[in-house]
Amino acid sequence: MSSKHKPSTIAVRTGIESDTQHHAVVPPIYLSTNYGFPSFGDVPTYDYTRSGNPNRNLLETALFELESGKGAVVTNCGTSALNLWVSTFLGPDDLIVAPHDCYGGTYRLFNTRSLKGDFKVEFVDQSDDTAFSQALAKKPKLILLETPSNPLVRVVDIAKVCEQAKAIGALVAVDNTFLTPIFQKPLELGADFVIHSTTKFINGHSDVIGGVVITKDEQHADELSWWGNCIGATGTPFDSYMTLRGIRTLGPRMRAHEESSQQILEYLKAQSRVKTIYHPSLPQHPGHDIAKRQQTGFGSMLSFEFDGSMDELKVFVSGLTLFSLAESLGGVESLICHPATMTHRAMGEEALAEAGISHFLLRLSVGLEDAGDLIADLEQAFSLLEVQQ
Ligand SMILES: *Cc1c(COP(=O)(O)O)cnc(C)c1O
């Protein structure tokens with residue numbers, strides 16, 4: 001495949017008919033941890049699976065071609081992808097600027113490692129121009145963007161940030177977990193790296209934990225690959241095989257997720273128990289115009305403020321039968337999450353308040369069940385509240 005092909009073609013065809021031994025159409029899985037040296041002193045392409053494996057390599061190729069990059073390192077989870085990225089490029093005196101409402105685990109990782117003196121971190125509201133300029137004045141080496149952000153789906157102007165970053169020699173990574181390359185291509189907007197938790201939409205079936213760092217610079221790819229092997233961050237052959245299998249349907253899945261989420265948004269807009277809805281497709285969303293410019297789809301992650309008491313919120317959430325109360329997102333099954341007690345609980349009250357994550361915020365990951373069934377399920381859970389009154 002090559003980057004002249006459309007994403008769905010890359011997703012489906014990468015590695016197909018690559019088996020030279022038996023001409024298997026689907027690439028075989030290589031579980032062996034080690035590979036023979038053809039002769040004394042003759043180093044093979046693969047020698048040991050931590051440093052290289054054919055299945056991981058194919059997955060890396062699919063991912064960097066989908067993102068219009070030049071190289072990638074597939075890791076054992078999204079968190080280890082973020083950890084690999086900071087381990088490769090930051091020293092004790094270097095600063096990273098990260099979003100104040102980033103993924104909870106990212107916040108915990110950067111905060112804890114900075115307290116150990118590994119590097120410095122500043123969490124800022126990246127949609128606040130003044131706060132962001134002040135952070136840039138401190139000459140960060142790395143900038144992480146998460147757009148749309150989790151769980152409030154705030155949108156940051158990638159091209160604008162990359163331009164500002166370039167002026168001070170900073171490198172920018174975009175956590176593209178929420179949109180995938182089907183809806184957003186950060187490297188084409190000027191970013192230096194794309195990071196994914198492939199656990200989410202990329203694999204899409206909630207049965208593999210994985211991550212990736214993608215780059216458009218071959219030297220960065222070599223450095224990431226060296227560090228991935230050094231700290232043991234690389235993904236396993238089986239997980240790589242499964243994730244590539246998930247990627248085959250990435251395009252149609254992303255479009256179906258989005259279509260259903262639009263129907264659910266329409267339904268939620270008319271509900272008395274729903275206060276503010278957060279989704280970039282809504283014209284009143286502060287990031288709507290930027291999203292329209294830099295994304296090719298609005299994505300399917302949404303959140304809303306529940307209008308009622310905490311007891312009523314619990315009745316509503318517990319009454320749902322087609323939305324599982326669970327963390328994670330981007331799988332075929334629909335999920336509901338209460339960020340304050342689930343994904344974002346590690347942040348603590350003060351950081352939650354600063355990030356605007358209230359105790360009445362609920363996040364939906366709209367799955368691939370029938371949209372009418374999902375709406376009927378929301379309807380019956382809301383109706384439980386009327387009975388109570
Ligand atoms: C889940 C997630 C991560 C962390 O990935 P893991 O695979 O759980 O380690 C990072 N960023 C975002 C946006 C996520 O949703």
Side-chain angles (χ1 to χ4, degrees), residues 56 59 63 67 72-87 96 98-113 121 123 126 142-156 158 172-181 183-184 186 191 193-214 228 231-236 239-240 242-243 246-247 254 257 278 280 295 299-303 326-331 335-339 342-347 355 357 361 363-367:
R56 192 164 68 232
L59 176 59
L63 285 166
E67 289 283 9
V73 177
V74 160
T75 56
N76 49 49
C77 65
T79 306
S80 66
L82 286 148
N83 198 35
L84 168 62
W85 180 58
V86 292
S87 300
I96 174 169
H100 73 319
D101 58 350
C102 63
Y103 177 74
T106 306
Y107 182 90
R108 180 177 53 201
L109 172 71
F110 291 177
N111 196 36
T112 310
R113 285 201 63 178
V121 65
F123 296 100
Q126 297 176 333
L142 297 181
I143 298 169
L144 176 70
L145 304 185
E146 210 185 291
T147 180
S149 73
N150 182 13
L152 289 172
V153 287
R154 284 202 183 97
V155 175
V156 179
I158 298 174
V172 179
V174 176
D175 184 329
N176 204 20
T177 299
F178 270 36
L179 290 179
T180 81
F183 289 149
Q184 179 167 272
F193 306 94
V194 169
I195 294 172
H196 282 280
S197 167
T198 58
T199 312
K200 316 296 167 53
F201 288 104
I202 295 272
N203 176 60
H205 294 74
S206 304
D207 52 7
V208 182
I209 295 268
V212 68
V213 187
I214 298 159
I231 64 177
T234 47
T236 70
D239 289 351
S240 302
M242 290 287 282
T243 303
I247 283 181
M254 291 306 286
H257 279 293
Y278 302 96
Q295 302 174 195
S300 55
M301 293 304 300
L302 63 104
S303 55
E327 294 186 2
S328 198
L329 56 105
L335 303 173
I336 188 159
C337 166
H338 182 241
M342 295 169 68
T343 46
H344 288 63
R345 66 179 181 271
M347 285 175 74
I357 302 170
L361 186 76
R363 186 188 78 182
L364 296 185
S365 176
V366 178

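When a ligand or atom number is given, it counts from 1 through the structure's own listing order.
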Sub-3.5 Å N/O-N/O distance, G78 and ligand 1: yes

Looking at T199, which atoms of ligand 1 are within less than 4.0 Å of one of its heavy atoms? 7 (O)

Rounded to the nearest 0.5 Å, how far does OG1 of T177 lie from CG of L329? 7.5 Å

Could you grab the distance from atom CG of L302 to atom CG of L364, nearest 0.5 Å is fine? 5.0 Å

Between CE on residue M254 and CZ on residue F201, distance to nearest 0.5 Å: 5.0 Å

Identify, for atom 14 (C) of ligand 1, the protein heavy atom at the shortest distance, and state residue, atom and that distance. K200 NZ, 3.0 Å

Output yes when the distance from some N or O of ligand 1 to some N or O of S80 is under 3.5 Å, and no in every other case. no

Indicate, as side chain, backbone, both or neither, the part of D175 found under 4.0 angstrom from ligand 1 when only non-hydrogen atoms are considered. side chain

Which atoms of ligand 1 are found less than 4.0 Å from any heavy atom of E146? 13 (C)

side-chain contact (heavy atoms from CB on, under 4.5 Å) test vs V213 passes for just one of V194, L82, I195, namely I195

About how many Å separate OG1 of T243 and CG of L63, when rounded to the nearest 0.5 Å? 8.5 Å

Spatial distance of atom CD1 (I231) from atom CG (N83) [nearest 0.5 Å]: 5.5 Å

Mind checking whether G210 has a heavy atom under 4.0 Å from ligand 1? yes

Could you check atom 8 (O) of ligand 1 against the protein and tell me its nearest heavy-atom contact, residue, atom and distance included? Y103 OH, 3.8 Å

What verdict does the side chain to side chain contact (heavy atoms under 4.5 Å, CB included) test give for H344 and N150, after you've listed the backbone C-alpha separation in whole Å, the side-chain angles of each residue and the deciding distance to 0.1 Å? CA-CA 9 Å; H344 288 63; N150 182 13; 3.9 Å; yes

Evaluate T106 for polar contact with ligand 1, using N/O atom pairs at a separation under 3.5 Å. no

